[in-house]
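Reviewing the structure listed below.
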Amino acid sequence: MDFNRQSLETWLRTEDPDALDHLYREADAVRRHHVGNAIHLRGLVEISNHCARRCAYCGLNVSNRGLSRYRMNADEIFGCVLKACELGYGTVVLQSGEDFGITREWMAALIRKIKEETPLALTLSLGERPYEDLLAWKQAGADRYLLRFETSNDELYRKIHPSLPGHRSDRMKILREISDLGYEVGSGVMIGIPGQSYASLAEDIATFRRLDLDMIGVGPYIRHPETDLAMRPRSRAIDPHDQVPNTETMTYKVIALTRLACPDANIPSTTALATVNASNGRELGLQRGANVVMPNLTPSQYRSSYEIYPNKACLFEAAEGCGVSLTDRIASIGREVGRGPGSRRAAGKRN
Ligand code: 5AD
């Protein structure tokens with residue numbers, strides 16, 4: 001298959017059920033061949049919902065005054081990390097808004113403790129941080145960093161990511177820094193952002209391949225009322241024929257095409273997908289190219305406040321809830337739970 005923009009765009013526009021069935025089978029076969037039947041579980045801990053930014057899609061944006069803000073302390077976070085160990089996960093992911101109340105030194109100390117006292121791989125997803133922070137956290141022992149670039153279209157990127165004064169937002173630059181520092185690099189996009197064209201989504205997938213990403217997360221854009229995109233919808237309108245819909249099906253297409261374009265990447269079946277299809281979205285993602293699930297381990301008292309979009313899947317489950325029935329769900333689709341950290345680079349694919 002060709003991974004040029006034109007053929008990717010043709011696939012994204014395809015609605016023929018037989019052709020899509022073929023695409024999904026192909027993606028599933030490539031997934032099996034390159035990363036096997038193991039589904040790696042990464043425990044997600046949403047450590048703070050403070051955010052300095054005004055991203056036009058995200059409910060954590062600083063202008064959202066209706067959100068009660070929290071920042072977990074180190075003991076609370078470490079408790080969740082131990083939970084990930086108990087549940088047999090190989091990786092924990094610490095995620096937050098862009099919160100400069102999370103200081104370089106405080107975070108580095110927490111990273112050192114986690115790496116000294118647990119066998120877990122540690123992934124950070126803390127937004128656009130300065131190089132010195134990324135360096136200190138790598139030196140402290142962090143293994144991976146997630147930062148979605150959200151769209152490769154420069155004009156749309158600028159519209160949805162207002163910069164902080166004096167800091168021009170440039171996620172591509174940060175992705176290069178992360179890679180150069182020796183982190184495994186995760187990125188991805190949202191699907192169906194108002195103003196996102198088919199051509200630009202095709203370019204996003206071509207970009208995943210070009211960046212040789214270790215992890216690629218994609219999920220449907222979900223409207224949050226307390227955001228600029230929801231409050232000023234017309235400011236992003238493009239020709240309706242070009243606008244990508246934020247549908248479940250479009251998400252499967254992108255997962256499948258991403259698997260074909262990046263055969264050995266780790267690709268999660270995301271919470272946003274489980275949100276648009278609660279009954280079996282996650283499973284279908286896993287059968288159409290994905291090989292990772294990120295169960296939510298955030299303590300229940302904070303979970304509803306990490307509202308990047310409304311009605312997030314897992315909201316009402318107990319703290320360990322999402323992980324419990326997961327083994328059964330995984331077995332029901334003929335797969336198994338992965339052991340160990342499930343890193344791409346350790347598999348000998350690179351370096
Ligand atoms: N809908 C879907 N995904 C969203 N994210 C943020 N806001 C939304 C939304 N409204 C995604 C972004 C971000 C990730 C943590 O969550 O892609 O990188």
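Quantities reported herein were computed from a predicted structural model and do not represent experimental measurements. Worth knowing before you read on, the calculation uses all heavy atoms, side chains too, and leaves out hydrogens, waters and symmetry mates.
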- request: Could you list who else is in Ile193's hydrophobic cluster, with ILVMFWY side chains joined at under 4.5 Å, directly or through other members?
  value: Tyr57, Leu156, Ile160, Met190, Tyr221, Leu229

- prompt: What pairs with Arg54 under side chain to side chain donor-acceptor pair (under 3.5 Å), at least two apart in sequence or on another chain?
  reply: Ser63

Side-chain donor or acceptor of Arg158 paired with backbone N/O of Ser163 under 3.5 Å: no

task: Can you label the angle between the Tyr70 ring and the Tyr302 ring as parallel, tilted or perpendicular, going by 30° and 60°?
output: parallel

message: Regarding Glu150 and His161, do their side chains bring together a donor and an acceptor under 3.5 Å, going by distance alone?
response: no

query: How would you list, by chain and number, every residue that makes a salt bridge (Lys or Arg N to Asp or Glu O under 4.0 Å) with Arg25, sequence neighbours excluded?
result: Asp21

field: Distance (rounded to the nearest 0.5 Å) between Thr271 OG1 and Tyr309 OH
entry: 5.0 Å

task: Specify the closest pair of heavy atoms between Ala272 and Ile222, including all atoms of both residues, with the distance to one decimal.
output: O-CD1, 3.9 Å

query: Taking the six-membered ring of Phe149, is the NZ or CZ of Arg171 close enough (under 6.0 Å from the centre) and on axis enough (within 45°)?
result: no

Residues that, via side-chain heavy atoms closer than 4.5 angstrom, fall in one hydrophobic cluster with Val292: Leu44, Val93, Leu146, Met215, Met294

message: List the residues meeting side chain to side chain donor-acceptor pair (under 3.5 Å) with Arg144, not counting sequence neighbours, and say none if there are none.
response: Thr91, Glu184

- request: Using the test side chain to side chain donor-acceptor pair (under 3.5 Å), find all partners of Arg223 that sit at least two apart in sequence or belong to another chain.
  value: none

Lys/Arg-Asp/Glu bridge criterion (N-O < 4.0 Å) met for Lys113, Glu117: yes

task: State whether the side chain of Ser269 and the backbone N or O of Arg282 hold a donor-acceptor pair below 3.5 Å, judged by distance alone.
output: yes

- prompt: For residues Asn49 and Ser305, is any side-chain donor paired with an opposing acceptor at under 3.5 Å?
  reply: no

message: Could you tell me if Lys312 sits above the aromatic ring of Tyr306, with its cationic atom closer than 6.0 Å to the ring centre and no more than 45 degrees from the axis?
response: no

message: Please report the interatomic distance OG1(Thr123) to CG(Asp214), rounded to the nearest 0.5 Å.
response: 10.5 Å

message: Looking at Arg329, I want to see if its CZ is surrounded by more than 12 non-hydrogen atoms of other residues, nucleotides or ligands under 6.0 Å.
response: no

query: Would you say Thr118's side chain and Ile114's backbone share a donor-acceptor pair under 3.5 angstrom?
result: yes

query: When rounded to the nearest 0.5 angstrom, what distance separates OG1 in Thr258 from CZ in Phe3?
result: 9.5 Å

